There are 2 protein chains.
Amino acid sequence: MKNITIADVASQAKVSKSTVSQYLNKRYEYMSESTRQKIEQTIKELNYHPNIVARSLKQKSTYTVGVIVANILHTFSTQIIRAIENYFHQHGFHIIVCNADDEPEKERNYIEMLMAKQVDGIIIFPTGGNIDLYKSMIKKEFPIVFMDRTIDELEIPTVMLDNIQASTLAVDRLVESGYSRIAIVTTSIIRNISPRVERIQGYKLALEQHQLPVQSIYIKTPEVDQIEEALDELFKQGKPPQAIIAGNDRVLIDVLKYIKQHNLKIPSEIAVIGIDEVSFASFFTPPITTISQPAIDMANLAVDLLLKQIKGADSADEKKVYRLQASLNERESC
Amino acid sequence: MKNITIADVASQAKVSKSTVSQYLNKRYEYMSESTRQKIEQTIKELNYHPNIVARSLKQKSTYTVGVIVANILHTFSTQIIRAIENYFHQHGFHIIVCNADDEPEKERNYIEMLMAKQVDGIIIFPTGGNIDLYKSMIKKEFPIVFMDRTIDELEIPTVMLDNIQASTLAVDRLVESGYSRIAIVTTSIIRNISPRVERIQGYKLALEQHQLPVQSIYIKTPEVDQIEEALDELFKQGKPPQAIIAGNDRVLIDVLKYIKQHNLKIPSEIAVIGIDEVSFASFFTPPITTISQPAIDMANLAVDLLLKQIKGADSADEKKVYRLQASLNERESC
DNA sequence: CTGTTAGCGCCTTCAT
DNA sequence: ATGAAGGCGCTAACAG
């Protein structure tokens, strides 16, 4: 019942292990037609499959990459995982999926395990809590690509949304519809998570461009479990907002729940626009205007950047941050 | 710049490789306190991390398992992936995620690659198109667990929903509300995908129990891209249904789109109930009654079953099919 | 307690 | 065109 190895094939086919190895690596020039066929046949007979672990040990390449998402609960993360898996599969790579759960500890643990497992590279949604580790990886020239979030001080290729443009899109749309008291709600920014910070920044810039006042009472950045309270504060003040920008899909869901509970009319009583597309946007009542990220393009770009590093291309553009454009899905909620 | 190995640590610490290996495997009884400390220190100095590929080659265990989902687009799949990743992580395992895309070819390819990579086991949402392969895996005693779908003829532990109970729950609820013309829509059953077949079967049984006629015009099993047409047929006949059961989340979305487009009122003109919970159910207008699967329990059970096989426990219950209970989320759409 | 030795399964010069 | 031999990094007897 033991595993069959290259040696079994060799003895069965009456050739040496190295010849079989040549065959496995498709270097057919190094053997006669007859031995080639004999090997092919015995491989089939024995139902032999090369042991990739052994090959990896020798070749220092596992054809496996790690993907560490900051929080797998975001729709965006799962979209990206899908797309990355799909594109890597086309290149013959497997992916190991890890969820850091927004905890730097977990992230560090995963990174170390993945490297110990000799993965060929990692795509990370960085928590931002392991700068030293990232640095040591750079120094080792270990292939990495950051996704969704950037760490300014590091020269790591990064794929992210043009968040400024995304919130500008939202504000422009809202202003166009005549709203001036516009609020934005994102989840906590205490750890400087770049998309959130940048979306707020873009919101401010856009308001200024429209000569509208930026008021801190209209900017809320609660923890995920306190979004309801934040919305309460927003609405229970003298001048409640006319429109609200949900900084991501989880916030949007809480916003819509709140609106439902309080029986508010969209958009007449409160206009809504969400960053991140959601499954129900088109058939909600009313259909929700959203701003979507080009998840597939982002995933493919990240994969390309990682593969380039894995294949050892020169690191000419190592420090580049790629910001892809968001797009507006005009519907009827604002 | 070369990788540091156990040999480097050994020479640096002036001990032999095997002692270092003992240390790595925490068999501290086999060395003096002083050498233990010396090793510990040099490992830190050198920033040494054991090469897991080499260890795996020796030990025949990679602490990695594969998860092949039939179709990663279903919410259920991503829920399961999350839960499995989480639970395996607690056991020190990594998961390689694969998406078979409902194509047996792809599934076969993945299974073979995963086995070549020496994963310790696989959790599969079987497409059903590779019976011979499944059989050969059983014969090799390779650890497998099936998820969501069963293949009758095979003795593989399987975790799935009690689909009969799930649709009974739906029908009961609908009948209770006074509907008698009840339709069910699932995606294609040409390949005998068990959840779909069973949900329809449960629907029929439940109708019979309520002494209601089972009419084939109320049972639709279109391909995913033809759900709209199927709904058209359903509604454009003499006796359109009063209520509709959506067989899964993707169908539910199409049903709701259709209802929106045709301006039907829920539940007065058409009642709706969906199998699979969806993110928007609670704040939709009206809130959608759904039947949800205990995804986390299912995932944990599957992991436990796989780990038991990996750890080589006796295969007493190898052939068991575990069917977990669905639960009703009563809301206002029926 | 510690070191020596022999693999795990494959790839890769280097001879033949 | 084919084979022999060494080594990838680690583990596990078995000696000492």
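Owing to the predicted nature of the structure, the values given are computational and were not obtained by experimental measurement. Any value given below was found using the heavy atoms of this structure, including those in side chains, with hydrogens, waters and symmetry copies removed.
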Can you identify which nucleotide, out of [options], has its nearest atom closest to the [X] side chain?
X       : options              : answer
A:Lys60 : D:dT2, C:dC8, D:dC8  : D:dC8
B:Thr19 : C:dG3, D:dT2, D:dG3  : C:dG3
A:Ser21 : C:dG9, C:dC11, C:dG3 : C:dC11

- Between A:Ser32 and B:Leu24, which has a closest nucleotide on DNA chain D that is more 5'? A:Ser32

- Query: Can you check whether B:Thr5 has a side-chain N or O nearer than 4.0 Å to OP1 or OP2 of D:dG9?
  - Reply: no

- Query: For A:Tyr48, which contact category applies under a 4.0 Å heavy-atom criterion: base, sugar-phosphate, or nothing?
  - Reply: sugar-phosphate

- Task: Have a look at B:Lys17 and say if it touches a base, only the backbone sugar-phosphate, or nothing, with a 4.0 Å heavy-atom cut-off.
- Result: base

Nearest-Å distance for atom pair [atom1]/[atom2], residues [X] and [N]:
X       : N      : atom1 : atom2 : value
A:Tyr23 : C:dG9  : OH    : P     : 21 Å
B:Tyr28 : C:dT2  : OH    : P     : 14 Å
A:Tyr63 : C:dC11 : OH    : P     : 11 Å
B:Gln37 : C:dC1  : CD    : C1'   : 16 Å
B:Asn3  : D:dC10 : CG    : P     : 9 Å
A:Ile4  : C:dG9  : CD1   : P     : 11 Å
A:Ile39 : D:dG3  : CD1   : C1'   : 12 Å
A:Ile6  : D:dA4  : CD1   : P     : 14 Å

- Note on the structure: The bend of the helix from C:dC1-D:dG16 to C:dT16-D:dA1, taken between the axes of its five terminal pairs at each end and rounded to 10°, is 40°

- Sequence neighbours excluded, every pair satisfying salt bridge (Lys or Arg N to Asp or Glu O under 4.0 Å) that has a member inside residues 40-59 of chain B: B:Arg36-B:Glu40

- Message: For DNA chain D, which residues of residues 49-59 of chain A approach it to below 4.0 angstrom with any heavy atom?
- Response: A:Leu57, A:Lys58

- Which residue pairs pass the side-chain hydrogen bond (donor to acceptor under 3.5 Å, both in side chains) test with at least one member in residues 92-102 of chain A, sequence neighbours excluded? A:Asn71-A:Asp102, A:His94-B:Lys117, A:Asp101-A:Lys106

- Message: Looking only at the side chains, is there a donor atom on one of B:Gln37 and B:Glu33 sitting less than 3.5 Å from an acceptor on the other?
- Response: yes

Which residues pass the side chain to side chain donor-acceptor pair (under 3.5 Å) test with [X], not counting sequence neighbours?
X        : answer
A:Ser18  : A:Ser16
A:Arg323 : A:Glu198
B:Glu103 : none

- Tell me, please, which residues at least two apart from B:Thr127 pass side chain to side chain contact (heavy atoms under 4.5 Å, CB included). B:Ala100, B:Pro104, B:Glu107, B:Asn130, B:Tyr134, B:Arg191

- NZ of B:Lys140 to CE of B:Met115: how many Å apart, nearest 0.5 Å? 4.5 Å

- Query: If you measure from CD on A:Gln12 to NZ on A:Lys38, what distance do you get to the nearest 0.5 Å?
  - Reply: 11.0 Å

Strictly under 3.5 Å: I want the nitrogen or oxygen pairs between protein and nucleotides 13-15 of chain C, one per line.
none

- Query: Can you list the residues that meet the salt bridge (charged side-chain N to carboxylate O under 4.0 Å, His left out) rule with A:Asp132, with sequence neighbours excluded?
  - Reply: A:Arg108

- Message: Taking ring pair (Phe, Tyr, Trp, His ring centres under 6.0 Å) as the cut-off, I'd like each qualifying pair that reaches into residues 59-88 of chain A, sequence neighbours left out, listed once.
- Response: A:Tyr63-A:Phe93, A:Tyr87-A:His91, A:Phe88-A:Phe93

- By ring-ring contact (aromatic ring centres under 6.0 Å, His included), A:Tyr23 pairs with (sequence neighbours left out) A:Tyr28

